[in-house]
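Shown next, in structure tokens, is the structure this report addresses.
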Amino acid sequence: MRHRSKRGREGNVNGRPPRIDTEEEAKDKRHGRCGVIGLFALYHVLVVLGAVWWVFSTCEPLGLDAPKSAFSEARALTHVDVLSKRIGFRQISSPGLKEGGAYIKQQCEHLATLATKSGQFSAQVDVEDVSGALNDVIFNTPVTNAYRNLTNILLYISPKGAEGKKALLVNSHYDSTYGSPGASDCAACVAIGLEIARAIVEEGKDIQTPILFLFNGGEETIMQAADGFMKMSKWLPRVGAFINLESTGSGGFPLVFQYSGLWTMEAFVRGAKHPRGSVIAQDFYNMKLIPADTDFRMLSADHRGSLPGIDMATVLDAAAYHTDRDTLERIRPGTTQEYGETATGVVDELLRAMADGVPDDGEHKNEKAVYFDGFHTWMVLYTMDTAMKIHSLPLVLIGVAYFLRRSEVDGIPLRGLGSFQLKWGFAGVLIGILSLLLAILLPMAFGAAWVYFTGRAMFWFSTHYPAYLTYGSMSVIGMMLPWQTNSHHIKISSSLLGLCVLLGGVGLHLTKAGFGSSYEFSLLSLFGACVAMFIPMKLYSPFRAIPALVMAALPALGCLTMGLAFTEHLLDKISLMGVGHPVWGIYTPDLGIAGLVGFTVFLSTTLLMPYFVGVLNTWQKRSIIAGLFGVSLVSAGLLGFNSPFSVYRPRRVQLKHIHETTGASPSAYYSLSAWEPLPIHTILPKSFDTEKMLDKTDSRPSIVMFPLHKHTRCYYFEAPVTSTKPWGATPPKLHKVKHEDAGDSTARRLFLELHWEKPGWGVMNMTGPILGWSLTDSVAKSVREDGGVDHVIRFNQDAEEPVWPFWVDVPSGEELRIEMGISYFAETAELNAIVAEIPDWTSIATATVALSKWTFS
């Protein structure tokens with residue numbers, strides 16, 4: 001019995017009819033095909049396990065008995081215990097912030113005493129209260145951000161005789177956002193700074209450059225204290241560079257994700273003991289695709305500041321970020337050790353680099369660079385000028401590979417750049433584009449269909465693996481569909497080289513556009529060309545497939561690990577995305593995660609997809625696609641009907657007790673809102689009557705969250721007036737002290753005062769024509785959808801100063817209208833009663849709000 005070849009037209013590459021396999025050859029081919037499929041499966045399992053290890057592995061923590069010269073996680077966490085557990089909430093205007101500042105000052109004074117006694121160092125502790133304002137853009141909305149009496153604590157340590165040198169600034173913030181004890185964000189960062197300072201002093205480290213530790217008391221109100229340092233501090237002229245320590249998650253993975261000044265990044269590469277980071281994050285930040293910010297923007301010469309420096313943060317377990325789950329117990333063991341050891345090495349290297357003065361990058365001063373790490377062991381760094389040369393190499397190699405590729409079909413040699421290779425190379429470009437689109441769009445379509453037919457969005461939030469199984473499987477299906485089965489090795493290698501031309505072209509184009517993240521495409525293109533050269537003539541030999549798999553492993557690991565880290569971060573941060581469109585917003589979380597998973601799968605598997613599908617026969621391809629679709633359905637079905645939230649990964653909820661205090665008899669109501677588009681009825685307290693919801697279509701209630709109110713949907717319910725009165729005996733009020741007319745009588749200056757017994761987090765919206773004010777040089781303007789103009793001021797104050805004076809210029813004869821809302825975070829009996837009725841799988845941030853409306857002429 002004889003079997004016809006199943007290559008069809010593919011056996012006819014030489015113009016000869018396909019040769020018919022013998023029964024023995026057909027049997028060997030079947031067995032070999034199964035072996036190759038098994039080898040591919042094992043390869044992908046190993047790559048996934050390697051990526052998981054790279055993302056989640058960390059250091060062994062050192063205890064309290066660690067050598068004095070070593071960074072110790074246990075010693076650092078004693079500070080976190082005091083700040084986040086014993087003191088607790090430390091938002092601006094709270095007693096906890098003052099207690100936290102007093103504790104940090106005490107620790108700094110102790111270290112300064114030790115440093116001075118050693119005779120090796122001179123040391124000084126300083127406390128600066130900063131006030132000011134800046135025009136900023138917050139969530140794409142122009143806002144004026146004003147602040148008064150925020151406290152910065154500074155510890156200066158200098159080797160004797162080096163006091164005249166520029167110092168390295170190590171910045172972290174000790175305030176927490178409201179509703180969170182802020183263990184990771186950012187008590188842990190403060191603790192790392194204190195532990196680095198302790199090691200310098202107690203070890204008597206031989207440093208040649210001064211170091212200034214800044215513990216600032218106002219980052220969560222949009223970097224106010226760092227802005228105050230840059231505008232008011234007497235220490236600023238003595239600073240030459242900085243490192244900013246931040247956190248957006250309790251699970252570790254400390255990475256560098258922003259820098260200014262190429263020499264600072266070079267110092268990071270030399271000094272980091274556990275280097276993690278990628279320019280991809282910096283590209284995303286620069287494009288404002290990540291809705292977050294750090295003090296880096298206020299300090300950096302590339303933004304609002306004047307200093308070169310680097311920005312580090314932890315990114316895993318962002319579900320705890322800015323919630324009441326951000327506790328000491330939540331910080332994963334070993335992650336503070338890793339963060340501290342990396343920061344210590346970088347600080348040491350920056351100090352060495354500044355020993356003879358702040359380095360000058362010269363012609364590379366403002367040049368961008370490409371950087372990425374390898375398995376948190378080493379890091380690659382090169383400038384964009386060099387990137388243009390390096391990222392061109394894959395295309396050169398592909399051209400060489402086309403000319404040098406030698407093979408034979410049925411004993412007849414094929415050499416050089418034949419029409420067959422060109423045809424399938426061009427086909428590889430087109431199939432690669434289609435494969436990329438399907439890899440992203442198919443999981444997105446599945447996610448949209450699931451939400452549409454089941455009404456269940458974000459089913460993967462509380463447990464992440466269903467997202468990878470569901471959307472990853474659909475992505476692989478999308479990638480397999482365009483590639484042809486029963487292929488020939490010449491066709492596979494030629495189409496793979498065509499795919500590499502596509503990847504290399506994309507990488508080169510992104511490089512020219514200034515995106516450092518282009519390195520991933522160029523890396524894939526380079527290794528893909530090597531894989532194409534190792535495609536064996538005997539496709540069904542598992543042993544001969546190993547070299548191709550080895551060549552594909554490194555770029556696959558690199559793409560998958562970085563993709564996994566960013567996906568994990570987004571899976572947790574998606575609960576902060578906002579409600580979006582009132583109809584389509586419910587689909588946005590699943591579409592976003594599905595697209596990101598699909599893109600990650602494409603990058604990490606695309607080099608081997610032509611080979612893998614080419615080995616399969618039609619039945620095997622259909623069977624694998626059916627199996628993967630079944631995996632998607634089963635993984636979604638098993639958890640898709642459960643609550644997406646859990647005690648560990650809670651739903652973020654805001655509960656406000658709002659009081660309209662302008663009239664003689666204040667009225668009150670509750671507002672309840674969430675940060676994502678899921679229905680809110682599942683968390684409504686029993687005491688809230690949904691049939692008696694209040695209609696608050698005017699702008700006054702939303703002013704207290706401006707501009708974040710654009711990303712939430714509030715529901716209002718009747719409420720009693722609070723008996724606690726967190727604002728004091730009388731609610732906050734605005735008073736006009738006097739007015740002055742301009743010399744030409746075209747304008748009038750109104751002198752106003754804010755009277756409040758106790759400070760809080762406030763927002764004013766001034767409407768009407770405004771010519772200027774005392775807060776900033778220019779007036780921030782935000783245009784509403786109806787064409788009106790808002791002039792919004794966010795203001796915060798820490799010290800209890802009962803009067804805040806300011807002036808506003810308006811055209812003569814015009815009225816000035818002001819809506820004002822001030823939030824107070826002290827617990828009240830009314831709020832506590834509502835919180836007790838809300839499920840424990842929520843994280844509730846509560847506030848009592850004094851809302852008022854004023855008109856001045």
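Only heavy atoms go into these numbers, but all of them, side chains included; no hydrogens, no water, no symmetry mates.
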Residue pair W235, L212: steps toward the side chain to side chain contact (heavy atoms under 4.5 Å, CB included) verdict
CA-CA 9 Å; W235 293 94; L212 178 65; 3.8 Å; yes
Would you kindly say whether H322 and D185 are connected by a side-chain donor-acceptor distance under 3.5 Å?
yes
Any side-chain donor-acceptor pair under 3.5 Å between N149 and D798?
no
Candidates Y669, W727, Y824 - the one meeting ring-ring contact (aromatic ring centres under 6.0 Å, His included) with H659:
W727
Hey, what do you get for CG (N171) to CG (L245), rounding to the nearest 0.5 Å?
7.5 Å
Aromatic plane relationship, Y285 with F257 - under 30° parallel, 30 to 60° tilted, over 60° perpendicular:
tilted
Please determine if R148 and D129 form a salt bridge, counting it only when a charged side-chain N lies under 4.0 Å from a carboxylate O.
no
K231 NZ: over 12 foreign heavy atoms closer than 6.0 Å:
yes
Residue pair R651, I683: steps toward the side chain to side chain contact (heavy atoms under 4.5 Å, CB included) verdict
CA-CA 9 Å; R651 187 175 193 183; I683 62 174; 4.3 Å; yes
Approximate separation, where rounding is to 0.5 Å, of L851 CG and T662 OG1
7.0 Å
For Q224, is there any backbone N or O sitting under 3.5 Å from a side-chain donor or acceptor partner on E219?
no
With a 4.0 Å cut-off, would you call D136 and R297 a salt bridge?
yes
Electrostatic pair R652:E676 at N-O distance under 4.0 angstrom
no
Can a donor-acceptor pair be found, under 3.5 Å and without considering hydrogens, that links the side chain of T776 to the backbone of W773?
no
Interatomic distance, CG@L307 vs CG@L236, rounded to 0.5 Å, equals 6.0 Å
Name of the residue among W756, F825, Y147 meeting ring-ring contact (aromatic ring centres under 6.0 Å, His included) with W761
F825
Hey, are E740 and K738 close enough for a salt bridge, meaning a charged N less than 4.0 Å from a carboxylate O?
yes
For the pair F213 and F215, name the ring-plane relationship: parallel under 30°, tilted 30 to 60°, perpendicular over 60°.
parallel
For L596, give me all partners under side chain to side chain contact (heavy atoms under 4.5 Å, CB included), at least two apart in sequence or on another chain.
T567, L570, T600
Any donor-acceptor pair under 3.5 Å from T264 side chain to S260 backbone:
yes
Any Lys/Arg nitrogen of R749 or D741 sitting under 4.0 Å from an Asp/Glu carboxylate oxygen of the other?
no
Answer yes or no: is there a donor N or O on one side and an acceptor on the other, between the side chain of T248 and the main chain of T314, under 3.5 Å?
yes
Please determine whether side chain to side chain contact (heavy atoms under 4.5 Å, CB included) holds for the pair D293 and I222, giving the CA-CA distance in whole Å, both sets of side-chain angles, and the decisive distance to 0.1 Å.
CA-CA 8 Å; D293 219 336; I222 320 296; 5.7 Å; no
Do we see a donor-acceptor contact under 3.5 Å between the side chains of N765 and D790?
yes
Y178 and F89: aromatic ring centres closer than 6.0 Å?
no
Would you say that P805 contacts F751 through its side chain, given a criterion of any heavy-atom pair below 4.5 Å between the two side chains?
no
Give the intermediate values and the outcome of side chain to side chain donor-acceptor pair (under 3.5 Å) for residues E757 and T730.
CA-CA 8 Å; E757 292 183 36; T730 59; 3.3 Å; yes
Please determine whether side chain to side chain contact (heavy atoms under 4.5 Å, CB included) holds for the pair I770 and L816, giving the CA-CA distance in whole Å, both sets of side-chain angles, and the decisive distance to 0.1 Å.
CA-CA 8 Å; I770 297 177; L816 174 65; 4.0 Å; yes
If we count only N and O atoms by modelled type, under 3.5 Å, do the side chains of T221 and N145 hold a donor and an acceptor together?
no
Minimal heavy-atom distance between A241 and V239, with the atoms involved, is O-CG1, 3.5 Å
Beyond-backbone contact of L83 with E99, side-chain heavy atoms, under 4.5 angstrom:
no
I'd like to know whether CG of N832 has more than 12 heavy-atom contacts from other residues, nucleotides or ligands below 6.0 angstrom.
yes
Less than 4.5 Å apart, any side-chain heavy atom of L134 and any of M298?
yes
Measure across L97 and Y174 and return the closest heavy-atom pair with its distance rounded to 0.1 Å.
CD1-CE1, 3.4 Å
Decide whether S184 and S247 meet the rule of one side-chain donor and one side-chain acceptor closer than 3.5 Å.
yes
Mark yes or no for whether T842, through its side chain, and I844, through its backbone, hold a donor-acceptor pair below 3.5 Å.
no
Identify whether NZ of Lys or CZ of Arg in K656 sits under 6.0 Å from the centre of the six-membered ring of Y670 and within 45° of that ring's axis.
no
Angle between ring planes, W854 versus F856, binned at 30° and 60°: parallel, tilted or perpendicular?
parallel
Check the pair Q91, D175 against side chain to side chain donor-acceptor pair (under 3.5 Å), reporting the backbone distance first and the verdict last.
CA-CA 5 Å; Q91 62 270 8; D175 65 315; over 6 Å; no
Can you tell me if NZ on K105 sees more than 12 non-hydrogen neighbours from other groups inside 6.0 Å?
no
Can you check whether F242 reaches V170 side chain to side chain, under 4.5 Å on heavy atoms?
no
At what distance, to the nearest 0.5 angstrom, does OG1 of T767 lie from CD of E815?
10.0 Å
Gap between atom CD of Q282 and atom CD1 of I280 - 0.5 Å precision
12.0 Å
From OG (S843) to OH (Y321), nearest 0.5 Å
13.0 Å
State whether a side-chain donor-acceptor pair under 3.5 Å links S176 with E220.
no
Counting N and O atoms only, with roles assigned by atom type, does the side chain of T141 sit under 3.5 Å from a partner on the main chain of F139, one being a donor and the other an acceptor?
yes
Would you mind reporting whether P589 and M577 have side-chain heavy atoms less than 4.5 Å apart?
yes
Between R748 (side chain) and G813 (backbone), is there a donor-acceptor pair under 3.5 Å?
no
If you define the side chain from C-beta out and look only at heavy atoms, does anything of P666 sit under 4.5 Å from P731?
no
Side-chain (T323) to main-chain (A320) donor-acceptor, under 3.5 angstrom
yes
Atom CD of residue position E801 - does it have more than 12 heavy atoms of other residues, nucleotides or ligands inside 6.0 Å?
yes
Would you find more than 12 non-hydrogen atoms of other residues, nucleotides or ligands less than 6.0 Å from K736 atom NZ?
yes
Polar side-chain atom of S671 near backbone of Y716 as donor-acceptor pair, under 3.5 Å:
no
Checking the side chain of T724 only, and the main-chain atoms of P726 only, is there a donor and an acceptor separated by less than 3.5 Å?
no
Should the pair F296 and H303 be assigned to parallel (<30°), tilted (30 to 60°) or perpendicular (>60°) ring geometry?
perpendicular
Side chains of S180 and D324: donor-acceptor distance under 3.5 Å anywhere?
no
Can you find a side-chain donor-acceptor pair between T712 and S673 that sits under 3.5 Å?
no
Any chance the side chains of T294 and D311 put a donor and an acceptor closer than 3.5 Å?
yes
